[in-house]
Chemist: 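Here it is, the structure in full.
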Amino acid sequence: MIDDKKIYICAIDFFIVNNIVENINRIREELPSAVQLIAISKTKPVEDIKTALTAGQRRFGENKALELVAKHEQIPDAEWHFVGHLQTNKVKYIAPFVTMIQTVDSFRLLAEINRQAQKYNRIIKCLLEVHIAQEEEKSGLRGDEIFRLLEMPEIGGLHNIRLCGLMAMATYTDDKSLIRSEFRQLADIHKQVKQRFFANDSAFCELSSGMTDDYRIAVEEGSTMVRIGSGIFGSR
Ligand SMILES: *Cc1c(COP(=O)(O)O)cnc(C)c1O
């Protein structure tokens, strides 16, 4: 006797697997070739990440340190980015392998990333998180705070981190013009910071902005790195 329920479940699996691959291919086709796609796999199972790997996706992002550690253990050869709020006491768990920490919002965190990276004789790429959204609870540094942080002479002594650019999240809203103006503001801060502190440093070139609902606007406004979760793996 054929088990109808089993066939039905297999069909759903096939559909989802195909969707992850299709979603990645569709988004990639749409992105300019210079824009990196970071697949945000938070809350999603390792199987989904393996499916994304079959589509040639190599860069993944997570927003919780221990979830990132667990997934890295199972998929060590992917390139892992951290995109959540990072407590200084958790840096040690991800320092042995993380490629980029996109959400640096204090000197204290940057110094701890440097200290841990040094232990493993690594250089960890970092982005400074900028607060551009209207929601107060979103994290990140204001424009003037970024300047103050980069003016600290101690920054020059951090040899095991590399500052590669800025990261931000826009306001969660349907108002496309507000989102666009926030991404413009971000690009403007990036330009000022680049001129003032990194004019001769080609590593400082990244602008990580744009998620499933706003990545097209972000790319139009200068994003070099989009972070897409639900648009690849489905809703959480
Ligand atoms: C979850 C998350 C994303 C992806 O969000 P989607 O809307 O699912 O694409 C991007 N960036 C950060 C920092 C996130 O936490």
Side-chain angles (χ1 to χ4, degrees), residues 16 19-31 35-46 48-49 51-52 55 57-72 78-87 90-91 94 98-106 109 113 124-141 164-176 178-180 182-183 186 190 206-236:
I16 292 172
N19 261 358
I20 291 174
V21 172
E22 273 169 23
N23 290 339
I24 289 170
N25 289 338
R26 182 175 38 75
I27 293 165
R28 270 249 206 71
E29 257 166 47
E30 205 185 314
L31 292 175
V35 175
Q36 296 179 36
L37 172 60
I38 316 295
I40 305 297
S41 48
K42 64 189 186 195
T43 78
K44 297 295 179 180
V46 163
D48 286 4
I49 301 171
T51 301
Q57 180 62 32
R58 301 228 71 81
R59 300 183 169 110
F60 296 89
E62 290 283 335
N63 70 342
K64 298 220 158 64
L66 298 183
E67 187 175 342
L68 173 54
V69 168
K71 286 175 175 172
H72 166 260
E79 179 182 306
W80 292 103
H81 292 239
F82 189 81
V83 300
H85 179 69
L86 184 56
Q87 290 168 277
K90 301 258 172 77
V91 174
I94 63 173
V98 71
T99 294
M100 182 181 271
I101 296 175
Q102 298 207 358
T103 40
V104 176
D105 61 359
S106 70
L109 180 57
I113 296 168
I124 297 177
K125 297 180 186 173
C126 294
L127 303 181
L128 297 176
E129 183 173 2
V130 190
H131 184 111
I132 52 169
Q134 291 195 330
E135 298 105 326
E136 280 303 316
E137 68 275 15
K138 280 201 172 136
S139 47
L141 299 156
C164 295
L166 305 179
M167 174 274 193
M169 286 167 100
T171 301
Y172 184 69
T173 173
D174 289 332
D175 181 350
K176 301 246 185 302
L178 176 62
I179 295 172
R180 188 178 295 280
E182 290 174 352
F183 286 144
L186 175 69
H190 189 278
E206 304 294 357
L207 199 49
S208 172
S209 59
M211 318 196 332
T212 297
D213 290 335
D214 59 16
Y215 73 89
R216 292 183 183 90
I217 303 174
V219 168
E220 284 168 10
E221 300 302 333
S223 173
T224 65
M225 225 176 224
V226 293
R227 309 178 308 265
I228 300 186
S230 48
I232 291 174
F233 298 108
S235 56
R236 288 178 297 272

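Ligands are counted one by one from 1 in listed order, and the atoms in each one are counted from 1 as well. In what follows, every heavy atom counts, from backbone to side chain, and hydrogens, waters and symmetry copies are set aside.
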Chemist: Give the residue, atom name and distance (to 0.1 Å) of the protein heavy atom nearest atom 6 (P) of ligand 1.
Modeler: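 Result: Thr212 OG1, 3.4 Å.
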Chemist: How far is atom 1 (C) of ligand 1 from its nearest protein heavy atom, and which residue and atom is that?
Modeler: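 Answer, as residue, atom name and distance: Lys42 NZ, 1.5 Å.
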Chemist: With heavy atoms under 4.0 Å as the rule, classify the contact between Arg236 and ligand 1 as side chain, backbone, both or neither.
Modeler: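 Side chain only; the backbone of Arg236 stays clear of ligand 1.
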Chemist: Short list, please: which atoms of ligand 1 are under 4.0 Å from a heavy atom of Gly229?
Modeler: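 Reading through ligand 1 atom by atom, the close ones are 4 (C), 6 (P), 8 (O), 9 (O).
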Chemist: Check whether any heavy atom of Ile228 sits under 4.0 Å from an atom of ligand 1.
Modeler: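 Contact present.
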Chemist: Which heavy atom of the protein is the closest neighbour of atom 13 (C) of ligand 1, given with residue, atom name and distance?
Modeler: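 Looking at atom 13 (C) of ligand 1, the protein heavy atom closest to it is Val83 O, 3.2 Å.
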Chemist: Is it true that a side-chain atom of Ser209 and a backbone atom of Ala168 form a donor plus acceptor pair closer than 3.5 Å?
Modeler: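 Flag not set: sc Ser209 to bb Ala168 has no pair under 3.5 Å.
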Chemist: I'd like to check which ligand 1 atoms, numbered from 1 as shown, lie under 4.0 Å from a non-hydrogen atom of Met167.
Modeler: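 So the answer, numbered in order with elements, is 13 (C).
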Chemist: Considering only NZ, NE, NH1 and NH2 on the basic side and carboxylate oxygens on the acidic side, decide whether Arg58 and Glu79 come within less than 4.0 Å.
Modeler: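 No, no charged N to carboxylate O under 4.0 Å.
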Chemist: For Arg227, counting its heavy atoms only, list the atoms of ligand 1 lying under 4.0 Å from any of them.
Modeler: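 What qualifies from ligand 1 is 4 (C), 9 (O), 10 (C), 11 (N), 12 (C), 13 (C).
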Chemist: For atom 5 (O) of ligand 1, what's the nearest protein heavy-atom neighbour? Residue, atom name and distance, please.
Modeler: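 Looking at atom 5 (O) of ligand 1, the protein heavy atom closest to it is Met211 CE, 3.6 Å.
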Chemist: Is it true that Gln36 and Thr224 share a donor-acceptor pair across their side chains at a distance under 3.5 Å?
Modeler: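 Checked: Thr224/Gln36 side chains show no N/O donor-acceptor pair below 3.5 Å.
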Chemist: Residues two or more places apart in sequence or in another chain: which of them pass side-chain hydrogen bond (donor to acceptor under 3.5 Å, both in side chains) with Thr171?
Modeler: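 For Thr171, the residues satisfying side-chain hydrogen bond (donor to acceptor under 3.5 Å, both in side chains) (neighbours in sequence not counted) are Glu182.
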Chemist: Any donor-acceptor pair under 3.5 Å linking the side chain of His190 with the backbone of Gly165?
Modeler: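 Such a contact is absent between His190 side chain and Gly165 backbone.
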Chemist: Applying the side chain to side chain contact (heavy atoms under 4.5 Å, CB included) criterion to Leu86, which one of Ile94, Val98, Asn63, Val104 satisfies it?
Modeler: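 The single option meeting the side chain to side chain contact (heavy atoms under 4.5 Å, CB included) with Leu86 is Ile94.
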Chemist: To the nearest 0.5 Å, what is the distance between CZ (Phe82) and CD (Gln102)?
Modeler: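 The distance works out to 10.5 Å.
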